[in-house]
Every structure is written in structure tokens, then in C-alpha cells.
**Student:** 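Can you keep this structure in mind? I'll have questions shortly.
Note on naming: letters A, B, ... go to the chains in the order of the sequence lines (proteins, then strands), and numbering restarts at 1 for each one.
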2 protein chains.
Amino acid sequence: MSLRHAILVLLQDQEASGYDLAREFANSIGLVWNATHQQIYLELGKLNEQNMVSYRHVPQEGKPDKKLYQLTDEGREELIRWLKKPAGPARIRDAFMVKVAGGQLADTQSLLSELEQLAKQRRERLATFEALAKRLDDEGLEDNLFNYLTVRRGILDQRAWLQWAEEVRRTLEDLSVSSATP
Amino acid sequence: MSLRHAILVLLQDQEASGYDLAREFANSIGLVWNATHQQIYLELGKLNEQNMVSYRHVPQEGKPDKKLYQLTDEGREELIRWLKKPAGPARIRDAFMVKVAGGQLADTQSLLSELEQLAKQRRERLATFEALAKRLDDEGLEDNLFNYLTVRRGILDQRAWLQWAEEVRRTLEDLSVSSATP
DNA sequence: AAGCGCTGCGCAATCCGTTGTATAAGCACT
DNA sequence: AGTGCTTATACAACGGATTGCGCAGCGCTT
């Protein structure tokens, strides 16, 4: 279990609300570890009970009040402890890839349009990451080294996926053409 | 939930035992969807109850008997139905990446050695996939198109990861050098 | 004026997944 | 002779994750 540790890592840089964390999980960190807001609020509650984090109540106008969480010393120690032991293997559940593997039974056209839709998302993400990488570079890499490396991973991942998607598109389009002219 | 569909996809090509499937999940498909044998046997049981798959009992000598599962017509229909609806977003749980993001608090040396260990695994997997891609190519791509595309994804993914790892290695080694000579 | 989306927090039920344990036989190694 | 790996299947317990639901107010569009 390391949703808790992902949260601790995020809180290491700055205090944040559950809502803030949910947004980060939907964007940057989501590439590496995903979680929904229900999960996050629940885990923040547990972390608070265990004195890994503390929060201060921040009233807002025009918006609901929020709780800004920050790491406690105990939380930081727990994080350091976790960082020392070897990480478990990465787990993935990529339903689209399963569909590609089962492609013989699928409709090529709908596969292609789904591919294009995903490619669009990836391109957007790539642009976001590239902009972020540039910003971190301008700000000076020393202070942002590990964020920078994480973003680089995102960039290389998007590019590799898009390159693959291009291969698939070409292959499947050739297939449609040749099957349309028997 | 689509462990069931991943299993149906695998059974589409050939009948297989739970053990066979577990091996495939540990290798090729594992890159895209992972599952342990407990999960697989359980799911095969459910799929059988729902008449999505059927099995024949195969006695063996020197080894335990096995059950060879195959798709039923109903299973194939269910698979086709699933292939038509859009796939959910990919979910990942990559603990090592979380560690990199929290790298400021980590020991650089142990991060580097863990990186090298993972890189070794990736290199091995890359070699396996490349050999497999070549074999499929030799056998003729028409018959193996979707397997080939899946393997290509694996290859591009490994390469992107290894490229990133190289960046990280260089960056972190520079860091060690500069901090060792203040 | 109604509907939608954003900001914010949270509970409950159920389902999925992991971990631990069990059995059983052959083979290889020390 | 004992240890451990491979083949092969399966149950039980627990904890993690998903899905569904609920509240609440502001601002924007239709």
C-alpha cells in the first residue's frame, strides 16, 4: 500500500487540501499513481489519526472552507523509512491495450477512432509536461531536480505512446484499404 | 472490471489452463494487465459458471491433471460486446516513480542501485520482446497482426524507460560528484 | 429560472486484489 | 535425505479500491 506515501510525497513540497491533491492525482502524479477524491479524503483522515499529517482549517468566502494538510515530523520519518525499502513492481491495468490484443474480433474503425481520441489526450499531456519542464529548467534545476526527472518520464512516456499509435494507425489503415479492395 | 476480458482475449487464440494463463500474465500480457494465479483461477471459475468458457479435464502423468479452458460462443459474444464500448482510462501503480518524485529525502545511492536493477529487468524484457517481434514477422504479420502491435508497444515502452533511466543515472551521478567535492 | 460546472468535503456498499495457506507429485541439486 | 523449483489447482481472510450517493454555495451560460 503506498497511496499514503504518494500523498506524503506531495505534501513534502507544500501544504495542500484534499481537493488540491485530487487535482494533482488527476494530472501530474496520476501518470504514476492514480486515486480518486474519495480515496484521498479517506487516506488523509487515516494519516491524520496516525499523526503523519496535521491540518489547519481555512475559511473561505464564496467557496467552501478547506483543510490545508501538512507533513508532521512523524510523517516525514515514515516517508524516509518507506523510501529506503525497495519498491514493489509496477502494476498496470490498461484496458485499451487489452482491446488491441483482442483486435481480431474488434471493429477496426472504432479501434482507430478510439486510438485517435487517446492520442489527442496524450498530445495535450505532452504539451503540458513540456511546458512544465521548461519552467522548471528556467527556475533552476537544482531546486527542482526530482520534479524535473518525474516530468521527463512523463514526456518520454507520451512520446513513446504517440510513436506507437502512429505505427498502429498506419498498419490498420493499410489493412482497411487492402480489405476494401479484394 | 476487465480481468475477465483479458482472459477471454487470451483464450481467443487457443485453449489454455489456468497455469498457462498465469504464465502469460507474468510475461507478455503482464505488461498491460497483471494478475496472480489466485485471481485467475477464481475468475475462470466464475466465467465457467456464467458459461463464458468451458473446460475439458486432461489427466497427465508425472504432473497434476489440468483443465483446459476454451471460449464458448457466449464468451466470444461477450468479448465482442466489450470490445465495442470505450475502454476505461489506464490505471497505474508505480511505486518506484513515487520514490523518484520524493527523491529529495531519499538516499541517492540506493535510488541509483534500484534504478540499475530495474533497468536490468527492462533490458531482458526488451530482448524477449524483440525476439518475439522478429519471430512474428518471420511467420507473417497478417496472421499475427494484433499480437505484433501489442509486442511493439512493449518494445517502445521498454526503450523509452531505459532512455529515461539513462538520463536519471547521468543526472544523479553528476549530483553525487558535485556534492562530494564542495 | 433552470441547468451545468467548479470548489470542497464526506459516508456506505460492494467489488477487486493481495497475501497466506493447502495439497500433490516429479525432478534436480547438495 | 533434505531443500527447493516446477506443474497444477483452490479456499479464506483481510484490506484496498471503485461506484454510488449526498451536501453546499458561487458563478456562468442558455
Side-chain angles (χ1 to χ4, degrees), chain A residues 1-8 15-27 29-30 32-50 53 55-69 82 85 87-95 98, chain B residues 1-7 15-27 29-30 32-50 53-69 82 85 87-95 98:
Chain A
M1 208 271 293
S2 43
L3 169 59
R4 52 189 312 105
H5 302 108
I7 291 175
L8 294 176
E15 63 178 358
S17 67
Y19 192 81
D20 294 334
L21 293 175
R23 240 188 298 105
E24 292 195 66
F25 272 99
N27 299 324
I29 307 294
V32 147
W33 199 282
N34 42 18
T36 59
H37 70 107
Q38 293 92 333
Q39 234 180 118
I40 291 163
Y41 286 122
L42 191 69
E43 199 63 41
L44 281 172
K46 286 185 198 168
L47 284 168
N48 184 47
E49 273 174 34
Q50 294 163 31
V53 301
Y55 68 84
R56 57 198 183 88
H57 194 96
V58 178
Q60 296 189 115
E61 283 179 31
K63 295 175 184 180
D65 297 355
K66 62 180 171 183
K67 295 178 182 176
L68 281 182
Y69 288 87
W82 178 75
K85 25 181 232 183
R91 285 164 295 169
I92 25 172
R93 302 287 151 95
D94 191 335
V98 175
Chain B
M1 210 272 293
S2 42
L3 169 58
R4 52 189 313 104
H5 302 109
I7 290 175
E15 64 177 357
S17 67
Y19 193 82
D20 294 335
L21 293 174
R23 240 188 298 104
E24 292 196 66
F25 272 100
N27 301 323
I29 308 294
V32 147
W33 200 282
N34 42 17
T36 59
H37 67 108
Q38 293 90 333
Q39 237 179 114
I40 292 164
Y41 287 121
L42 191 70
E43 199 63 41
L44 281 171
K46 286 186 198 165
L47 284 168
N48 183 49
E49 273 174 33
Q50 294 164 31
V53 300
S54 61
Y55 68 83
R56 57 197 184 89
H57 194 95
V58 178
Q60 296 189 114
E61 284 178 31
K63 296 174 184 180
D65 297 354
K66 62 181 172 183
K67 295 177 182 175
L68 281 182
Y69 288 87
W82 177 75
K85 30 182 227 183
R91 284 165 295 169
I92 23 171
R93 300 287 148 97
D94 190 336
V98 175

**Student:** Would you call A:Val53 and A:Leu8 a side-chain contact if the rule is heavy atoms closer than 4.5 Å?
**Tutor:** yes
**Student:** Other residues, nucleotides and ligands only: do more than 12 of their heavy atoms fall within 6.0 Å of OH on A:Tyr41?
**Tutor:**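 Buried by this count: over 12 neighbours within 6.0 Å.
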**Student:** 5'-most contact on DNA chain C: A:Arg23 or A:Arg93, nearest heavy atom basis?
**Tutor:**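 Taking each residue's closest nucleotide, the earlier one in sequence belongs to A:Arg23.
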**Student:** Go through C:dT19, C:dG10, D:dG16 for me and flag the one nearest to the B:Thr36 side chain.
**Tutor:**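 The nucleotide sitting nearest to the side chain is C:dT19.
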**Student:** DNA chain D: B:Ser17 or A:Glu61, which has the more 5' nearest nucleotide?
**Tutor:** B:Ser17
**Student:** Measuring from atom CG of A:Asn34 to atom CD of A:Gln39, what distance do you get when rounded to the nearest 0.5 angstrom?
**Tutor:**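 Answer for the CG-CD pair, A:Asn34 versus A:Gln39, is 8.0 Å.
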**Student:** Has the side chain of A:Gln60 got a donor or acceptor atom sitting under 3.5 Å from an opposite partner on the base of C:dG8?
**Tutor:**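 Answer no: no donor N or O sits under 3.5 Å from an acceptor.
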**Student:** For the pair made of CZ in B:Arg4 and C1' in C:dC15, what is the distance, rounded to whole Å?
**Tutor:**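 These atoms are roughly 13 Å apart.
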**Student:** Tell me whether the side-chain N or O atoms of A:Gln39 pair up with the base of D:dG16 as donor and acceptor below 3.5 Å, since no angle test is needed here.
**Tutor:** no
**Student:** To the nearest angstrom, how far is B:Leu42 atom CG from D:dT9 atom C1'?
**Tutor:**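 Value for this atom pair: 12 Å.
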**Student:** B:Asn34 CG to D:dA17 C1': how many Å, rounded?
**Tutor:** 15 Å
**Student:** What is the distance from CD of A:Glu24 to P of C:dT7, rounded to the nearest Å?
**Tutor:** 14 Å
**Student:** I want to check something: taking the side chain as every heavy atom from C-beta on, are A:Ile29 and A:Leu21 in contact at a cut-off of under 4.5 Å?
**Tutor:**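 The answer is no, as the side chains (C-beta and beyond) never meet within the 4.5 Å cut-off.
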**Student:** Please report the distance, rounded to the nearest Å, between NE2 in A:His5 and P in D:dG16.
**Tutor:**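 Nearest whole value for this atom pair: 11 Å.
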**Student:** Return the nearest nucleotide to the side chain of A:Arg91; candidates are C:dG8, D:dT6, C:dT18.
**Tutor:**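 Of all the options, the side chain of A:Arg91 is nearest to C:dT18.
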**Student:** What nucleotide, of D:dA8, C:dG17, D:dA10, holds the atom closest to the side chain of B:His37?
**Tutor:**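 Given the options D:dA8, C:dG17, D:dA10, the side chain of B:His37 is closest to D:dA10.
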**Student:** Check whether any side-chain N or O of A:Tyr41 sits under 4.0 Å from OP1 or OP2 of C:dC9, and answer yes or no.
**Tutor:**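 Yes, such a contact exists.
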**Student:** Distance check: side-chain N/O of A:Lys67 vs OP1/OP2 of C:dG10, anything under 4.0 Å?
**Tutor:**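 For A:Lys67, the contact criterion (side-chain N or O under 4.0 Å from OP1 or OP2 of C:dG10) is met.
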**Student:** Of the nucleotides C:dG10, D:dG16, D:dA8, which one has an atom closest to the side chain of A:Tyr69?
**Tutor:** C:dG10
**Student:** Of the candidate nucleotides D:dT9, C:dT21, D:dC21, which contains the atom at the shortest distance from the side chain of A:Gln38?
**Tutor:**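 So the side chain of A:Gln38 is nearest to D:dC21.
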**Student:** Write down the distance between CD1 (A:Ile92) and P (D:dA17), rounded to a whole number of angstrom.
**Tutor:** 17 Å
**Student:** Separation of A:Asp20 atom CG from C:dT7 atom C1', in whole Å?
**Tutor:** 10 Å
**Student:** Sort out for me which residue in A:Leu3, A:Val32, A:Thr36 forms a side chain to side chain contact (heavy atoms under 4.5 Å, CB included) with A:Phe25.
**Tutor:**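 Going through the options one by one, the only one that passes is A:Leu3.
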**Student:** Taking only the side-chain heavy atoms of A:Pro64 (C-beta and beyond), determine which of D:dG20, D:dA24, D:dA8 contains the nearest atom.
**Tutor:**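 Nearest nucleotide to the side chain: D:dA24.
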**Student:** C:dC6 P sits how many Å from A:Lys66 NZ, rounded?
**Tutor:** 17 Å
